[in-house]
Amino acid sequence: QVQPVESGGGLVHAGGSLRLSCAASGSIFSISTVGWHRQAPGKQRELVAAITSGDNTNYAGSVKGRFTISRDNAKNTVYLQMNNLQPEDAAVYYCNVVYYRGGTYWGQGTQVTVSS
C-alpha cells in the first residue's frame, strides 16, 4: 500500500486554525517530495505547499505567512499547519507523495471548510 492517508480537516470560522497530517508509506529515504494540494468546486487543483527530502519548502503566494509545512521523518508524516484560515481556503486538501524510484500517489483528500 503506497497511498498516503490524510487527516485533520474540519470546519472552522475565519481566523481559525487547523493542522493537516499526511502519513506516507515506505521509508522516508525513498520519498523525494511531499506536497499539499487543494481543489475547490469549479476550480483547478493547485499546489499549496511542498517539502523535499532536504527540507526545502515551497508555498503558494496566497498562503505564505499563514501556512507552514513540516515533516517528522520518524513517523513518515508531513504536516500542514494552517493559521488565519479564510473562506477562500475552503477546499478538499490532498497529499501527494513522489518517490525517487518513480510513482506519484495521492491521498483520498480531507475536507476543509471555513465559515465567515
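The first residue of the sequence shown is numbered 1, and numbering continues consecutively from there.
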Donor-acceptor list for residues 7-20 side chains, cut-off 3.5 Å, not counting sequence neighbours:
| from | atom 1 | to | atom 2 | distance (Å) |
| --- | --- | --- | --- | --- |
| H13 | ND1 | S115 | OG | 2.9 |
| S17 | OG | N83 | OD1 | 2.9 |

Trace of the side-chain contact (heavy atoms from CB on, under 4.5 Å) decision for V112 with V92: CA-CA 6 Å; V112 172; V92 178; over 6 Å; no

T104 and W106, any side-chain heavy atoms less than 4.5 Å apart: yes

F67 side chain reached by L80 side chain, heavy atoms, under 4.5 Å: yes

Between atom [atom1] of [X] and atom [atom2] of [Y], what is the distance when rounded to the nearest 0.5 Å?
| X | Y | atom1 | atom2 | value |
| --- | --- | --- | --- | --- |
| I69 | M82 | CD1 | CE | 11.5 Å |
| Q86 | N84 | CD | CG | 5.0 Å |
| R71 | T52 | CZ | OG1 | 6.5 Å |

Linked, directly or transitively: V78 and Y105 (ILVMFWY side chains, under 4.5 Å): yes

A60 backbone acceptor or donor facing S62 side chain under 3.5 Å: no

Pairs of donor and acceptor atoms involving the side chains of residues 35-51, under 3.5 Å and at least two apart or interchain, shall be tabulated with distances.
| from | atom 1 | to | atom 2 | distance (Å) |
| --- | --- | --- | --- | --- |
| R38 | NE | E46 | OE2 | 2.8 |
| R38 | NH1 | D89 | OD1 | 3.0 |
| R38 | NH1 | Y93 | OH | 2.9 |
| R38 | NH2 | E46 | OE2 | 3.3 |
| Q39 | OE1 | R45 | NE | 3.4 |
| Q39 | OE1 | R45 | NH2 | 3.4 |
| Q39 | NE2 | K43 | O | 3.2 |

Over all atoms of both residues, closest heavy-atom pair of C22 and V34: SG-CG1, 4.4 Å

Shortest non-hydrogen contact between A90 and T113, atoms and distance: CB-CA, 4.3 Å

Modelled atom types, side-chain donor and acceptor of S53 and Y100, under 3.5 Å: yes

Derivation and outcome, side-chain contact (heavy atoms from CB on, under 4.5 Å), residues Y59 and T68: CA-CA 8 Å; Y59 297 92; T68 302; 3.9 Å; yes

